[in-house]
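Working notes for the structure below.
None of these values were measured; they are calculated from a predicted model. Numbering of ligands and ligand atoms starts at 1, following listing order.
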Amino acid sequence: MRFDVVTLFPEVFAAVTDHGITRRAHELGLWQLATWNPRDFTADRHRTVDDRPFGGGPGMVLMAEPLAAAVDAAHSAQRAAGYAAGKVVALSAAGRPLTDACVRSWAQQGGAAVLICGRYEGIDQRFVDACVAEEVSIGDFVLSGGEIAAMAVVDAVVRHLPGALKIESAADESFATGLLDAPHFTRPETWRGRGVPPALLSGHHARIGRWRREQALARTLRQRPDLIEAARAAGSLDERDEKFLREIAQGAGRANPPVVLNPSSATATTAVHAA
Ligand code: 9D3
């Protein structure tokens with residue numbers, strides 16, 4: 001897999017090539033990165049990449065030509081490396097939200113892609129219309145530019161490349177079940193007066209599995225009720241799950257409700273009543 005990133009800040013991409021799981025996968029040759037600075041594709045003495053918006057307004061807009069020239073160079077390099085010229089994806093606050101399904105299909109297809117990182121107020125729309133296949137956002141919050149979003153995309157895709165993970169994490173499959181992960185604990189068995197949920201110390205695999213499933217259900221209901229609805233629609237919840245969900249939902253309105261783990265301290269063994 002190959003990513004060619006068009007960015008005014010190429011240095012920051014060391015974050016994904018030089019650290020963690022993405023670094024290891026990079027060293028294993030599972031993916032390559034090249035960066036292209038629009039500033040290197042300017043013709044004027046000041047190496048100008050931005051200008052004031054037509055129609056007025058605050059801030060500056062990235063000019064079309066340096067971006068298009070950078071994309072052409074990226075495509076040439078991709079072909080020279082034996083790839084087909086990749087899909088051009090712009091990271092944009094105005095894009096479609098990135099999904100797990102999108103990330104997985106991207107990793108499965110492999111090949112090359114060109115990621116465009118915006119800065120300032122935005123990008124000349126004529127470049128988007130002429131050169132960009134897809135605009136992607138990583139969520140409803142404002143970043144200062146597309147770089148951190150592009151690195152999020154690279155990280156999310158690379159970890160799905162075969163061989164990238166040392167252990168195929170069950171947590172990684174958690175989006176397949178559509179539920180959030182259950183909480184985790186490690187040594188010591190008591191930390192600052194807080195113990196570990198007894199089920200996890202029982203050595204009883206079925207009991208541990210059921211505890212984790214119920215924690216995942218309770219946590220998902222509390223933090224992301226939208227995902228419970230989606231898991232139900234996808235047929236991922238069985239009758240036992242539904243019974244448990246009914247119990248914690250009813251418990252919320254009863255005098256002596258069943259207990260769930262304290263959400264504000266995942267390590268608590270002190271049971272608290274469901275909110
Ligand atoms: C405050 C400026 N906004 C005016 C309403 C528009 C705006 C311009 C440029 C908002 C964000 C940005 C820079 N953001 C990105 O390039 C970006 C982004 C994001 O801000 N949030 C989530 N995903 C992404 S992907 C790229």
task: List in chain and number order the residues that pass side chain to side chain contact (heavy atoms under 4.5 Å, CB included) with Ala81, two or more places apart in sequence or in another chain; answer none if no residue qualifies.
output: Arg2, Tyr83

message: Using a 4.0 Å heavy-atom cut-off, which part of Arg119 comes near ligand 1: side chain, backbone, both, or neither?
response: neither

- prompt: Out of Ile138, Ile123, Leu143, Val153, who gets a non-hydrogen atom closest to atom 11 (C) of ligand 1?
  reply: Leu143

statement: Going by the 4.0 angstrom heavy-atom rule, the piece of Ser92 near ligand 1 is backbone

- prompt: Salt bridge check: are Arg24 and Glu27 linked by an N-O gap of less than 4.0 Å?
  reply: no

field: Which of the ligand 1 atoms, numbered from 1, are nearer than 4.0 Å to a heavy atom of Gly145
entry: 13 (C), 15 (C), 16 (O), 17 (C)

- prompt: What part of Val136, side chain, backbone, both or neither, has a heavy atom within less than 4.0 angstrom of ligand 1?
  reply: backbone

Over all atoms of both residues, closest heavy-atom pair of Ala199 and Ile208: O-CG1, 3.2 Å

statement: shortest atom 4 (C) of ligand 1-to-protein heavy-atom contact is with Glu121 OE1, 3.6 Å

- request: For atom 9 (C) of ligand 1, grab the closest protein heavy atom and report residue, atom and distance to one decimal in Å.
  value: Tyr120 O, 3.4 Å

field: Close-contact set for ligand 1 against Ala149 heavy atoms, below 4.0 Å
entry: 25 (S)

From the candidates Gly139, Gly146, Gly95, Ala93, the one that places a heavy atom nearest atom 18 (C) of ligand 1: Ala93

- request: Return the orientation label for the Trp31 and Phe3 ring planes: parallel under 30°, perpendicular over 60°, tilted otherwise.
  value: perpendicular

- request: Around atom 1 (C) of ligand 1, find the nearest protein heavy atom and jot down its residue, atom name and distance.
  value: Val142 CG1, 4.1 Å

field: Protein contact for atom 22 (C) of ligand 1 (heavy atom, distance under 4.0 Å)
entry: yes

field: N-O pairing of Asp181 and Arg219 below 4.0 Å
entry: no

With a 3.5 Å cut-off and sequence neighbours excluded, list the donor-acceptor pairs that the side chains of residues 114-123 form with protein atoms.
from: Arg119; atom 1: NE; to: Glu147; atom 2: OE1; distance (Å): 2.9
from: Arg119; atom 1: NH2; to: Glu147; atom 2: OE1; distance (Å): 3.0

field: Check ion pair Arg224-Glu229 (N to O, under 4.0 angstrom)
entry: no

field: Leu237 with Phe244, same ILVMFWY side-chain cluster at under 4.5 Å
entry: yes

- request: Could you tell me whether Phe141 and ligand 1 have an N or O pair separated by under 3.5 Å?
  value: yes

